[in-house]
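I have placed the structure first, in the form of structure tokens, so that the comments after it can refer back to it.
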2 protein chains.
Amino acid sequence: MLSLHQLTCFLATYEHRSLTRAAEELGYAQPSVSEQVRTLERHLGVPLFRRVGRGVVPTTAADTFRPHAERVLAAADEAQSAVASIRSFETGTIRFGMFGVARLYGGAGLVADVLERYPGVRVELVGRHSMDVQENLRRGHLEAAMIAVAGLSSEGMAITPIARDELVYVSADPTRLTSPMTAKRLAEAPLVMAESTYRDSDSARIVLRRMLHEAGYNPGTRIEVEDVETAVELVGRGLADTVTNKGAAVQLLPRLAPDAGWVSLRPRLYDTLAIVHRAGATLSPAARLMIELATQRIQAIIEPV
Amino acid sequence: MLSLHQLTCFLATYEHRSLTRAAEELGYAQPSVSEQVRTLERHLGVPLFRRVGRGVVPTTAADTFRPHAERVLAAADEAQSAVASIRSFETGTIRFGMFGVARLYGGAGLVADVLERYPGVRVELVGRHSMDVQENLRRGHLEAAMIAVAGLSSEGMAITPIARDELVYVSADPTRLTSPMTAKRLAEAPLVMAESTYRDSDSARIVLRRMLHEAGYNPGTRIEVEDVETAVELVGRGLADTVTNKGAAVQLLPRLAPDAGWVSLRPRLYDTLAIVHRAGATLSPAARLMIELATQRIQAIIEPV
DNA sequence: CGTTCCCCTAGGGATCCCCTAGGGCTCCGG
DNA sequence: CCGGAGCCCTAGGGGATCCCTAGGGGAACG
């Protein structure tokens with residue numbers, strides 16, 4: 001089996017025209033280098049040096065082999081330094097999972113943070129929804145993520161809550177916003193809810209459903225849409241009300257439903273934003289970086305837990 | 001220490017997304033591949049795969065590392081096949097030592113033989129004189145050679161005689177060519193001799209000197225020149241006579257001295273053409289090839305020993 | 001002709017390479 | 001829900017390799 005070590009010994013010997021000096025340069029004893037070169041010759045089936053009295057003389061085969069050997073070692077160096085530059089964030093790709101509406105919570109700013117500090121890296125923020133992200137985590141396609149979680153239990157996952165995001169009731173009808181929304185009134189309201197695909201597993205909707213259920217209600221929604229934006233826009237048109245994260249409401253109301261307002265629920269409900277990764281995994285430097293930056297960003301916007 | 005073996009295991013694992021299948025492909029047990037990959041990860045300081053339930057998933061570091069690893073292995077393959085093609089004479093340089101006037105004995109034909117059989121190779125016929133060649137052999141710059149030797153002893157050299165080349169007396173004076181040349185008459189003749197640089201060590205001149213010395217003569221030469229051609233030309237002009245190899249005389253007389261002729265010496269003297277290389281050396285395929293071809297050529301022209 | 005230089009061989013200790021055996025986790029089908 | 005299958009892991013051991021020191025021998029040089 002050809003080895004890089006053999007090539008190193010060969011090149012040092014070639015350049016010094018001497019096994020002894022090659023060994024000195026490499027920090028080995030002379031017979032060690034001699035053995036490596038001999039093994040290489042045996043492997044190639046061609047003598048590379050003629051042992052002549054004092055010193056060694058390269059054969060024409062060695063002349064031909066040398067540039068190839070140099071190329072191999074150069075490629076190996078390059079491979080290692082490529083990884084080294086990944087480790088120091090000079091290059092490489094950082095992939096991180098994010099809940100779907102992270103764009104409303106400064107996801108772009110997070111990417112900007114990373115790129116400012118490490119201009120050479122590529123950044124991938126992956127995830128159309130927290131559940132989608134959890135699936136990717138489970139399959140190993142993601143190392144770590146920041147998502148919204150309903151409870152704090154998920155098989156084999158380490159979940160670290162970092163902030164809580166209040167759920168609020170949004171309506172274009174001012175009379176419904178005069179006091180905190182109770183389960184009773186909520187159950188009677190015509191609702192448009194976002195995240196239709198993940199209606200069963202969306203954390204906000206789980207929390208909401210649980211609250212209504214405990215109060216004895218089992219309500220349906222009037223309208224199902226995917227985007228929070230669409231839901232808010234429908235609220236703005238007075239076609240329904242909705243429940244969404246306070247952060248989303250603050251962001252979207254002025255633009256999409258200027259006449260609507262929001263009010264807390266009674267009891268208050270919260271979505272938990274958390275850092276999630278596989279339990280027991282040692283996180284890469286890139287993941288730790290993203291976790292730190294994402295946590296800072298979120299906690300600057302939303303109430304820390 | 002980075003090794004090619006680690007890279008091989010890494011790539012197989014990357015492609016199969018599985019250590020087990022990588023091990024199958026490579027013909028190892030699964031823990032062996034696992035260990036190689038782990039060692040590589042430790043060496044690079046970066047995890048390359050996430051071990052997830054069933055199978056492994058490459059990290060972005062692995063994505064970046066892969067093309068580099070492939071380049072290294074490709075370069076290594078190329079290096080090996082470059083040498084393999086030397087071994088099979090598809091390429092590379094064949095260097096062979098030759099006595100200086102080999103051009104008169106079909107040296108060009110020898111090169112043609114090699115190139116015809118192995119169009120890709122470079123051929124170097126090295127040596128301005130047999131002594132010069134012996135020096136290069138001694139220093140290891142040449143592996144093997146065909147040269148003229150006076151005796152059959154040379155320290156540490158393996159000498160295999162393959163042909164003998166008679167020495168003849170060349171003159172433009174027909175009266176001197178009526179009978180074989182004796183030492184007595186030779187000592188009295190005005191001589192032009194070639195190989196002035198190597199006058200002391202040239203094999204033909206050693207043989208000649210020995211013959212004269214044994215007969216009690218200690219003659220000088222009238223003219224010293226380097227080239228046989230010049231010597232023969234001077235003979236053609238009647239300025240002196242010369243002693244040279246019969247092969248050279250046959251070649252050169254018609255062209256350079258049409259009126260001159262040659263006659264044997266009494267006793268007959270011979271230059272010995274021999275294959276020479278370091279004693280105890282194992283010859284490379286290239287050297288064996290050249291020895292065979294050169295021997296065939298020479299023995300087709302000159303009387304085999 | 002002795003000294004020096006440099007390669008070789010010999011032999012042994014440490015390391016590594018790769019194996020088998022067995023444990024734990026995940027996924028899947030009954 | 002539970003057993004089987006798939007896959008990775010660790011543990012431990014045999015054999016090869018790596019690298020060392022010690023010493024021999026040939027070539028170069030004063």
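These values consider heavy atoms only, across backbone and side chains, with no hydrogens, waters or symmetry-generated copies. Numbers restart at 1 for each chain; the letters A, B, ... are given by sequence-line order, proteins then strands.
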Atom-pair distance ([atom1] on [X]; [atom2] on [N]), nearest Å:
X       : N      : atom1 : atom2 : result
A:Glu41 : C:dC7  : CD    : C1'   : 13 Å
B:Glu24 : D:dC8  : CD    : C1'   : 14 Å
A:Gln6  : D:dT17 : CD    : C1'   : 11 Å
B:Gln36 : C:dC18 : CD    : C1'   : 9 Å
B:Glu35 : D:dG12 : CD    : P     : 15 Å
B:Leu19 : D:dC8  : CG    : P     : 5 Å
A:Leu40 : D:dT17 : CG    : C1'   : 16 Å
B:Tyr28 : C:dC16 : OH    : P     : 17 Å

Between [N] and [X], is there an OP1 or OP2 to side-chain N/O distance shorter than 4.0 Å?
X       : N      : result
A:Arg51 : C:dC8  : yes
A:Arg21 : C:dC6  : yes
B:Arg38 : D:dT10 : yes
B:Thr20 : D:dC8  : yes

When all nucleic acid strands are considered with a 4.0 Å heavy-atom cut-off, which category describes B:Ser18: base, sugar-phosphate, or nothing?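 Counting heavy atoms under 4.0 Å across all strands, the contact made by B:Ser18 is with sugar-phosphate only.
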
Select base, sugar-phosphate, or nothing to describe what A:Arg50 touches, counting heavy atoms under 4.0 Å on all strands.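 Since no nucleic acid heavy atom lies under 4.0 Å of A:Arg50, the category is nothing.
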
Checking contacts here: which listed nucleotide (C:dC17, D:dC19, D:dT21) is nearest the side-chain heavy atoms of A:Ala29?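 It is D:dT21.
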
Among D:dC9, D:dC18, C:dC8, the nucleotide that comes nearest once only the side chain of A:His5 is considered: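 Looking only at side-chain atoms, A:His5 lies closest to D:dC18.
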
Does B:Arg17 count as lying over the ring of B:Tyr14, i.e. NZ or CZ under 6.0 Å from the six-ring centre, within 45 degrees of the axis?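 Output yes; distance and angle both within limits.
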
Spell out yes or no: do the side chain of B:Gln30 and the base of D:dC9 have one donor N/O and one acceptor N/O closer than 3.5 Å?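 Donor-acceptor pair under 3.5 Å: yes.
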
B:Val56 or A:Ser32, whichever maps to the more 5' nucleotide of DNA chain D: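 Result of the comparison: B:Val56.
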
Sub-4.5 Å side-chain heavy-atom contact between A:Gln80 and A:Asp77: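 In short, these two side chains touch, coming nearer than 4.5 Å.
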
Exam field: side chain A:Arg66 to backbone A:Glu15, donor-acceptor pair closer than 3.5 Å: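 No; judged by distance alone, with no hydrogens or angles, the pair does not exist.
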
What orientation do A:His129 and A:Tyr198 show, parallel under 30°, tilted 30 to 60°, or perpendicular over 60°?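 Ring orientation of A:His129 relative to A:Tyr198: parallel.
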
List for me each residue that meets ring pair (Phe, Tyr, Trp, His ring centres under 6.0 Å) alongside B:Phe96, sequence neighbours excluded, and say none if there are none.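 Partners of B:Phe96 by the ring pair (Phe, Tyr, Trp, His ring centres under 6.0 Å) criterion come out as none, since no residue qualifies.
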
